[in-house]
There are 2 protein chains.
Amino acid sequence: MKRKSVTSRDVAKLAGVSQSAVSRSFSADAKVAEKTRKKVLEAARQLGYRPNSIARSLITRSSRTIAVVAYSLENPFYSVMLEKASRYFQQQGYHLQLFFAPSDNGFATVIDDIIRSQVEGVLMLAITMDSAQAEEVADFGIPFVVINRTVNFDGISQVGSDNYSGGYWAGHYLSSLGHRRIAYLAGLPDSSTDLQRQAGFLKGLADVGVDCYAMEVGNYCYADACHATRRLFANSTPPDALFCANDLMAIAAIDTLRHEFGLAVPDDVSVIGFDDIPMADWPSHSLTTLKQPVELMVLKATELLMAQINQIDINTEHIMLPVTPMLRNSTRRSARHPKENLEEVSDTHHSSVR
Amino acid sequence: MKRKSVTSRDVAKLAGVSQSAVSRSFSADAKVAEKTRKKVLEAARQLGYRPNSIARSLITRSSRTIAVVAYSLENPFYSVMLEKASRYFQQQGYHLQLFFAPSDNGFATVIDDIIRSQVEGVLMLAITMDSAQAEEVADFGIPFVVINRTVNFDGISQVGSDNYSGGYWAGHYLSSLGHRRIAYLAGLPDSSTDLQRQAGFLKGLADVGVDCYAMEVGNYCYADACHATRRLFANSTPPDALFCANDLMAIAAIDTLRHEFGLAVPDDVSVIGFDDIPMADWPSHSLTTLKQPVELMVLKATELLMAQINQIDINTEHIMLPVTPMLRNSTRRSARHPKENLEEVSDTHHSSVR
DNA sequence: TTGAAAGCGCTAACAT
DNA sequence: ATGTTAGCGCTTTCAA
């Protein structure tokens with residue numbers, strides 16, 4: 001069944017034209033007589049010819065391909081992002097090559113492969129890289145943007161959101177609710193997002209004279225977060241509030257609290273997440289969280305990439321988008337002045353938006 | 001910063017060898033003196049040379065790329081699958097190009113693009129195609145496997161699971177629990193999975209003399225399933241059991257039942273899903289469902305693809321994997337003979353496994 | 001073991 | 001508007 005591949009030469013022969021006429025017939029903006037194109041297209045149809053885009057890429061030096069590097073798709077935040085970015089690129093006539101970074105030193109192993117593939121741009125979803133690696137790729141002159149991870153190097157574009165303010169809001173808000181045993185469920189240690197959210201959170205607490213009551217690591221994943229929650233609440237006087245570095249862990253925490261500890265959320269424990277994944281809004285968890293503007297993040301990142309690819313804007317940018325508190329039912333309502341409290345929240349929100 | 005691309009010729013010049021020596025130095029199984037390779041590699045390092053894999057593909061006629069076509073990543077079932085398949089291909093030294101099928105006539109729009117890219121195989125995740133389309137691609141001699149969709153054409157490999165038996169089990173089990181107003185929440189109309197699950201379900205009901213009490217369409221997505229549930233339960237004598245064509249919709253149904261209708265699951269309504277996505281096992285829903293063997297499905301599909309690519313096995317196959325009932329807490333326990341009932345379940349399970 | 005030469009399928013000058 | 005020609009960067013005979 002495997003038929004020998006048919007080339008433009010074969011089509012040319014059948015159509016009785018030159019090979020370049022065939023080439024021209026398949027490019028949108030070519031100067032070719034309508035009659036010729038008709039002939040060519042008909043011959044092509046008969047032979048089942050399709051232009052070989054590899055050959056095309058070789059000569060035009062443009063693969064029209066973007067590499068997307070992800071770490072895991074467990075968190076819907078990233079699968080949503082991937083789908084959105086993918087559709088965007090597709091619509092721009094680009095192909096998308098997907099790479100997964102292995103857990104150990106993820107970046108190094110894929111980067112060589114990516115460079116060889118001659119992709120025109122690279123989009124990294126939450127991949128941690130050090131400045132040496134950043135410099136290496138920047139030096140290759142290939143447009144690069146990293147989403148949701150800060151790298152300490154200017155020559156690379158970054159888009160993320162205001163993790164620090166988000167963390168700050170969480171700490172401040174939880175304490176304003178009257179909680180005093182407020183714990184932190186951390187994400188991936190040393191990831192920039194975790195560092196920033198944690199720092200903001202601690203500061204938000206410190207500014208009202210509260211200490212972080214306990215802290216455990218959940219690595220941004222559901223299973224680890226369940227274990228971390230168990231450790232956090234094994235105590236005889238467990239926390240009465242919990243800020244989780246992402247929604248997936250917050251949901252894990254709520255599930256564990258309710259079903260293993262028999263604790264009520266928010267009555268016994270208030271829980272706040274980060275991201276605002278679709279599930280956060282499902283009534284089963286109704287999670288109070290900090291919304292990252294996914295849509296906007298993808299838009300900014302893809303536009304940035306395209307601008308660099310098309311040489312419209314060579315400069316790298318570091319974009320920080322505002323996060324928005326989404327008040328739902330995993331945090332208790334302020335006991336005394338519910339009205340006043342809402343206003344306060346709203347203020348805090350605006351200041352976090354800047 | 002954009003440095004001109006360095007070619008093997010440049011490296012050859014610097015290393016004082018021929019261009020073909022450079023080429024050989026970068027291929028694993030080449031006959032080249034260790035000394036020469038050293039020189040070449042050093043020169044390459046100095047210049048920052050990376051072999052251009054597009055040029056390589058052109059001459060070797062192998063792109064080492066697989067296309068994966070998906071419809072949406074909203075359902076974790078598919079994002080999990082994508083990630084697993086992706087890692088597998090990567091580990092085999094293949095690249096993965098990701099395509100999303102637009103909702104309207106998804107297949108036709110991407111297929112031409114895929115063929116032009118000279119991919120060596122195509123993996124379709126739940127993409128519906130008709131036999132004419134199947135024949136067209138099969139005719140191109142490019143290895144093709146479709147997961148979770150049946151196409152009425154032999155020349156294409158398919159791997160799916162036993163949807164009919166799964167549906168049958170659901171109908172049978174629900175009725176065995178004593179339910180008599182059993183409804184069906186359908187997936188994408190005309191998708192083969194929905195057709196098969198529905199047919200099995202209806203038969204399972206019919207075999208014990210029960211009719212399907214009501215039916216609505218949820219299109220395999222959360223939001224639509226919420227609406228469908230509302231329609232289903234707006235009745236004055238609503239259903240007392242619900243079989244949903246996938247887990248995502250089952251979860252939507254449970255959420256809607258509990259939080260909008262104030263109904264208890266499983267006390268007022270038993271719910272069964274299909275897929276066994278990770279969330280199904282979370283205690284918040286603890287969903288009784290039919291497990292599709294994702295891991296195995298991916299393994300079979302990828303192996304099939306690889307076998308065809310490597311010409312080990314040219315034949316196309318239609319693989320149907322067994323589904324496994326996962327008894328959790330979204331279905332009520334049998335009132336009278338819980339022990340006996342479990343055995344019955346276990347029997348049914350085995351028969352569904354075949 | 002190495003180098004010279006041919007050419008993968010296409011695009012892009014250039015000439016007609 | 002069309003054909004001729006020269007490569008894109010590499011792999012792969014074929015001689016040496």
Side-chain angles (χ1 to χ4, degrees), chain A residues 3-41 43-44 47-65 93 112-113 115-120 140, chain B residues 3-41 43-44 47-65 93 112-113 115-120 140:
Chain A
R3 100 174 41 151
K4 192 189 162 310
S5 74
V6 9
T7 75
S8 57
R9 205 163 238 101
D10 302 328
V11 177
K13 203 171 299 169
L14 180 61
V17 297
S18 78
Q19 181 269 334
S20 44
V22 175
S23 170
R24 282 192 268 257
S25 301
F26 276 90
S27 94
D29 55 326
K31 52 284 171 59
V32 58
E34 204 43 55
K35 211 174 71 184
T36 311
R37 170 173 269 142
K38 270 258 154 54
K39 262 195 309 189
V40 168
L41 260 30
L47 299 174
Y49 167 77
R50 315 274 170 140
N52 179 331
S53 52
I54 291 191
R56 180 174 205 288
S57 294
L58 182 60
I59 193 163
T60 60
R61 295 179 157 68
S62 91
S63 61
R64 290 196 83 78
T65 296
D112 181 65
D113 211 16
I115 292 173
R116 293 186 182 208
S117 333
Q118 310 290 113
V119 299
E120 299 185 28
F140 256 90
Chain B
R3 104 175 39 154
K4 192 189 163 306
S5 73
V6 8
T7 75
S8 57
R9 207 164 236 99
D10 302 327
V11 177
K13 203 170 300 169
L14 180 61
V17 297
S18 76
Q19 181 269 333
S20 41
V22 176
S23 170
R24 283 191 268 256
S25 300
F26 276 90
S27 94
D29 55 325
K31 50 286 170 59
V32 58
E34 202 42 55
K35 210 174 71 184
T36 312
R37 170 172 270 143
K38 271 258 154 57
K39 264 195 308 191
V40 169
L41 259 30
L47 298 174
Y49 167 78
R50 317 272 170 140
N52 179 330
S53 52
I54 291 190
R56 179 174 206 290
S57 295
L58 182 60
I59 192 163
T60 60
R61 298 182 154 66
S62 91
S63 61
R64 292 196 80 78
T65 296
D112 182 65
D113 210 16
I115 293 173
R116 293 186 182 207
S117 339
Q118 310 290 115
V119 299
E120 298 185 29
F140 255 89

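On a predicted model such as this, the values are computed, not experimentally measured, just so you know. Chain identifiers are assigned alphabetically (A, B, ...) following the order of the sequence lines, protein sequences preceding nucleic acid strands; residue numbering begins at 1 within each chain.
Residue Lys31(A) is the one, among Arg9(A) and Lys31(A), whose nearest nucleotide of DNA chain D lies closer to the 5' end (criterion: closest heavy atom). For the pair Arg50(A) and Gly16(B), both in contact range of DNA chain C, the more 5′-proximal nearest nucleotide belongs to Gly16(B).
Annotation for Arg24(B) and Arg37(B): closest pair O-NH2, 3.5 Å, computed over non-hydrogen atoms. For Ile54(A) against Asn52(A), the heavy-atom pair with the smallest separation is N-OD1, 2.7 Å. Among all heavy-atom pairs drawn from Ser117(B) and Asp113(B), the shortest one is OG-O, 2.6 Å.
Distance Leu58(A) CG to dA6(D) P: 18 Å, rounded to the nearest Å. Straight-line distance from the NZ atom of Lys35(A) to the C1' atom of dA1(D): 11 Å, rounded to whole Å. Atom-to-atom, CD of Gln19(B) to P of dG9(D) comes out at 11 Å; the value is rounded to the nearest Å. Between the NZ atom of Lys39(A) and the C1' atom of dA1(D) there is a distance of 12 Å, given to the nearest Å. Rounded to an integer number of Å, the gap from CD1 of Ile59(B) to C1' of dA6(C) is 9 Å. We find that CZ of Arg64(A) is positioned 18 Å from P of dC10(C), with the value rounded to whole Å. Rounding to whole angstrom units, CG of residue Asn52(A) and C1' of dC8(C) are separated by 9 Å. Taking atom NZ of Lys13(B) as the reference point, atom P of dG9(D) lies 12 Å away to the nearest angstrom.
When heavy atoms are screened at a 4.0 angstrom cut-off, Ser23(A) is found touching base atoms of the nucleic acid. Residue Val17(B) is classed as a sugar-phosphate contact, given heavy-atom separations below 4.0 Å to backbone atoms only.
The shortest distance between the side-chain N/O atoms of Thr7(B) and the OP1/OP2 oxygens of dG9(D) is not below 4.0 Å. Regarding contacts with the backbone of dG3(C), every side-chain N or O of Arg24(B) stays at 4.0 angstrom or more from both OP1 and OP2. Between dG9(C) and Arg61(B), a contact under 4.0 Å exists linking OP1 or OP2 to a side-chain N or O. In this structure, Ser5(A) reaches the dG9(C) phosphate: one of its side-chain N or O atoms is under 4.0 Å from OP1 or OP2. A close approach under 4.0 Å does not occur between any side-chain nitrogen or oxygen of Thr60(B) and OP1 or OP2 of dT12(D). For Ser8(B), a side-chain nitrogen or oxygen approaches OP1 or OP2 of dC10(D) to under 4.0 Å. One finds a side-chain N or O of Thr36(B) lying less than 4.0 angstrom from the OP1 or OP2 phosphate oxygen of dT2(C).
The side chain of Arg56(A) lies closest to dC10(C), out of dC10(C), dT2(C), dT12(D).
In this structure, CG on Asp112(A) lies 4.5 Å from CZ on Arg50(B), to the nearest 0.5 angstrom.
With hydrogens and angles ignored, a donor-acceptor pair closer than 3.5 Å exists between the side chain of Ser20(A) and the base of dT4(D).
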Checklist entry - Step by step, would you call Gln118(B) with Ser63(B) a side-chain hydrogen bond (donor to acceptor under 3.5 Å, both in side chains)? => result CA-CA 6 Å; Gln118(B) 310 290 115; Ser63(B) 61; over 6 Å; no

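Evaluated for a side-chain contact (heavy atoms from CB on, under 4.5 Å) with Val11(B), the options Leu47(B), Leu41(B), Val17(B) yield exactly one hit, Leu47(B).
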